[in-house]
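Everything numeric in this text was worked out from a predicted model, so none of it was measured.
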Amino acid sequence: MLKKVLVVGDIMLDTYYQGSVSRISPEAPVPVLKKEKEYSVLGGAANVARNMVAAGMDTTILGIVGLDEAGNRLKALLEKEHIDTSLLVETDQQTIEKTRFISADNFQQLLRCDIEDVTVLSEKIANGIIEKLKKTCDRFELVIISDYCKGVLTEYFTQKVIELANENNIRVLIDVKDKNYKKYKGAYLIKPNKKELKELTGHSVSTKEEVVDAALYLKKECSCQYILTTLGAEGMVLVGDDNVYNIAPAAKEVFDVTGAGDTTIAYLGAALLNGKSVIEAVRIANIAAGIQVSKKGTSAVYPWELEKQILHSRGTDDYKIINKSSIKNFRKNHMDEKIVFTNGCFDILHVGHVRYLQEAKNQGDILVVAINSDESIKRLKGEKRPINTERDRLEIIAALEFVDYVTIFSEDTPYELIKIIQPDVLAKGKDYKLEEVVGKDIVENRGGRVALIDFVDGKSTSTTIRKIEENAWMK
């Protein structure tokens with residue numbers, strides 16, 4: 001049964017205008033964006049909820065949305081993500097919308113335009129929400145408060161939510177923004193960044209030691225059990241239980257920090273609900289945040305990405321090997337990426353294979369290599385083959401840096417596998433004619449293409465085996 005989570009806070013709609021920039025406006029020294037794509041995603045507290053759902057939680061959102069077109073789009077996105085909107089409050093104020101103008105070439109943000117009506121939540125409306133929440137509060141196992149200081153989370157309302165949660169023995173995690181620490185009193189865990197910690201306490205936070213001292217002060221003033229301070233490239237510091245934990249940053253490459261805080265608090269909560277200790281949960285949240293900042297724009301992090309990153313950090317390539325159960329969701333998990341698919345026996349790896357696979361990778365974003373099972377190779381090439389077992393071949397192909405995933409198939413052709421994965425590019429060697437390529441119809445029917453790639457002359461597994469046999473005979 002899914003764990004039930006309540007996310008409370010400032011709900012936003014993040015809209016992206018993406019296009020190309022090739023000239024400067026003659027009207028002013030600003031770039032001209034030729035819009036090619038427009039899309040909207042959940043932002044603010046709604047992005048926290050989206051990440052909770054991605055982590056496998058049964059999630060309800062509590063916040064305010066306007067009776068306007070942006071509000072309609074936001075509600076549609078919440079429903080699409082299977083987020084319970086039964087506690088959503090609709091008012092005549094404008095829905096908060098952040099519109100980012102993005103260069104498609106490098107996802108560089110050129111401008112952000114904010115539409116927001118920061119109307120402070122009245123005590124009358126707050127009391128109405130609390131009365132409604134009292135009737136359903138006991139079904140939740142965790143409350144996450146996502147504060148963006150946009151009017152919903154007044155000190156009065158936030159304290160009422162915390163008090164109600166504590167009365168029902170429900171832990172409250174807060175992603176803070178306000179300078180008023182009294183708003184957050186009684187929470188289980190508070191998560192500020194370095195700047196927010198300084199504003200909340202008035203203390204210097206120039207060194208790790210000063211961060212710890214400020215966090216200890218905040219912990220005492222707010223009567224909470226933990227303070228988790230995020231330090232960007234310096235990692236995180238967790239203070240609590242009379243212990244201090246320094247967590248090194250997980251991200252190796254930072255592409256876009258948008259939504260990193262949302263992902264951190266969401267996966268922290270998900271890990272706690274799955275029985276992890278606080279420090280274990282923080283480490284998991286740290287890895288999730290590292291994945292988030294490597295992505296483009298506001299987005300969710302999924303458990304399969306987390307598992308992949310954890311395995312990768314252990315120095316193994318096993319995360320690249322996909323089994324039948326994960327293949328079913330492969331296309332869904334890589335909706336925004338161009339998938340390249342190729343297949344073969346890859347019995348004895350040689351330079352021809354390596355150059356071929358490198359060129360296949362250049363055709364898209366993700367390269368999936370499907371290899372024939374041992375049984376399949378025996379049917380195709382005789383009882384003496386393969387030379388290397390399927391497990392060995394999987395491991396060897398997975399070790400290649402430019403191969404993203406590898407899987408196995410037992411049929412004579414990978415047609416059924418191609419049907420499931422739905423690649424954008426089908427790569428085969430130029431020894432095939434276009435009409436002979438298995439799966440050509442599947443790929444082309446969805447707008448994809450077949451790429452025929454040159455082989456290296458004189459390099460093949462058969463040639464290698466023949467040379468070995470000749471040398472053995474000569475001896």
Side-chain angles (χ1 to χ4, degrees), residues 5-12 14 42-55 57 59-64 83 96 98 140 142-155 157-159 161-162 165 170-201 211 214-215 218-219 222 224-232 235-240 247 257-273 278 281-282 284-286 288-290 292-293 298-301:
V5 179
L6 174 64
V7 176
V8 184
D10 299 298
I11 301 170
M12 306 173 194
D14 284 1
L42 297 172
N47 187 45
V48 176
R50 181 189 181 194
N51 274 274
M52 291 302 298
V53 170
M57 304 294 116
T59 308
T60 300
I61 187 86
L62 193 167
I64 289 176
I83 297 168
I96 298 173
K98 296 179 179 179
F140 298 113
L142 184 76
V143 173
I144 294 180
I145 295 177
S146 177
D147 191 0
Y148 276 82
C149 285
K150 301 301 181 184
V152 172
L153 292 168
T154 61
E155 181 181 338
F157 179 59
T158 305
Q159 278 296 293
V161 172
I162 294 171
I170 304 168
R171 289 178 289 189
V172 179
L173 313 181
I174 308 182
D175 198 351
V176 305
K177 277 288 188 297
D178 206 324
K179 299 176 184 179
N180 176 18
Y181 68 82
K182 294 178 182 178
K183 180 196 284 192
Y184 308 123
K185 279 190 172 185
Y188 178 76
L189 180 146
I190 296 173
K191 185 185 79 66
N193 60 29
K194 186 189 282 190
K195 177 177 177 289
E196 291 157 354
L197 181 63
K198 182 178 181 179
E199 292 174 343
L200 280 161
T201 63
V211 167
L218 184 61
K219 178 177 179 292
C222 287
C224 64
Q225 294 191 39
Y226 295 95
I227 304 292
L228 174 63
T229 308
T230 57
L231 305 173
M236 302 179 181
V237 173
L238 177 68
V239 171
I247 298 95
V257 297
T258 307
D262 300 336
T263 300
T264 301
I265 200 77
Y267 269 88
L268 176 65
L272 288 172
L273 284 176
V278 175
V282 169
I284 290 169
N286 185 46
Q292 173 60 56
V293 298
T298 311
S299 56
V301 170

Between [atom1] on residue [X] and [atom2] on residue [Y], distance to nearest 0.5 Å:
X      : Y      : atom1 : atom2 : answer
Leu218 : Ile227 : CG    : CD1   : 4.0 Å
Lys191 : Ile265 : NZ    : CD1   : 5.5 Å
Ile174 : Ile162 : CD1   : CD1   : 4.0 Å
Met57  : Leu273 : CE    : CG    : 6.0 Å
Leu272 : Leu268 : CG    : CG    : 5.0 Å
Thr59  : Phe140 : OG1   : CZ    : 9.5 Å

Shortest non-hydrogen contact from [X] to [Y]?
X      : Y      : result
Gly240 : Tyr226 : CA-CD2, 3.7 Å
Ala289 : Thr263 : N-CG2, 4.1 Å
Tyr181 : Cys222 : O-SG, 3.4 Å
Ile190 : Cys224 : CD1-SG, 4.0 Å
Gln225 : Lys219 : O-CE, 3.0 Å
Leu197 : Pro192 : N-CB, 3.9 Å

Does anything in residues 42-55 form a salt bridge (charged side-chain N to carboxylate O under 4.0 Å, His left out)? List the pairs, not counting sequence neighbours.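 Matches after skipping sequence neighbours: Arg50-Glu81.
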With sequence neighbours left out, write down each residue that passes salt bridge (Lys or Arg N to Asp or Glu O under 4.0 Å) with Asp14, or none if nothing qualifies.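 Checked Asp14 against salt bridge (Lys or Arg N to Asp or Glu O under 4.0 Å); matches are Arg100.
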Is the side chain of Asn286 donor-acceptor paired with the backbone N or O of Val282 at a distance under 3.5 Å, no angle test?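 No; zero donor-acceptor contacts below 3.5 Å.
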Sidechain-backbone polar pair: Lys183 side chain, Thr158 backbone, donor-acceptor under 3.5 Å: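 No, because the side chain of Lys183 does not come within donor-acceptor range (under 3.5 Å) of the backbone of Thr158.
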If you draw a 6.0 Å radius around NZ in Lys198, do more than 12 non-hydrogen atoms from other residues or ligands fall strictly inside?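 Open.
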Checking Ile170 against Leu6 for the side chain to side chain contact (heavy atoms under 4.5 Å, CB included) test, could you report, in this order, the C-alpha distance in whole Å, the side-chain angles of both residues, the deciding distance, and whether it holds? CA-CA 10 Å; Ile170 304 168; Leu6 174 64; over 6 Å; no
Asp178, Asp175, Asp262 screened by side chain to side chain donor-acceptor pair (under 3.5 Å) with Tyr148, the one that passes: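 Of Asp178, Asp175, Asp262, side chain to side chain donor-acceptor pair (under 3.5 Å) with Tyr148 is met by Asp262 alone.
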Step by step, would you call Asp10 with Lys177 a salt bridge (charged side-chain N to carboxylate O under 4.0 Å, His left out)? CA-CA 11 Å; Asp10 299 298; Lys177 277 288 188 297; over 6 Å; no
If you define the side chain from C-beta out and look only at heavy atoms, does anything of Val176 sit under 4.5 Å from Asp147?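 They are not in side-chain contact.
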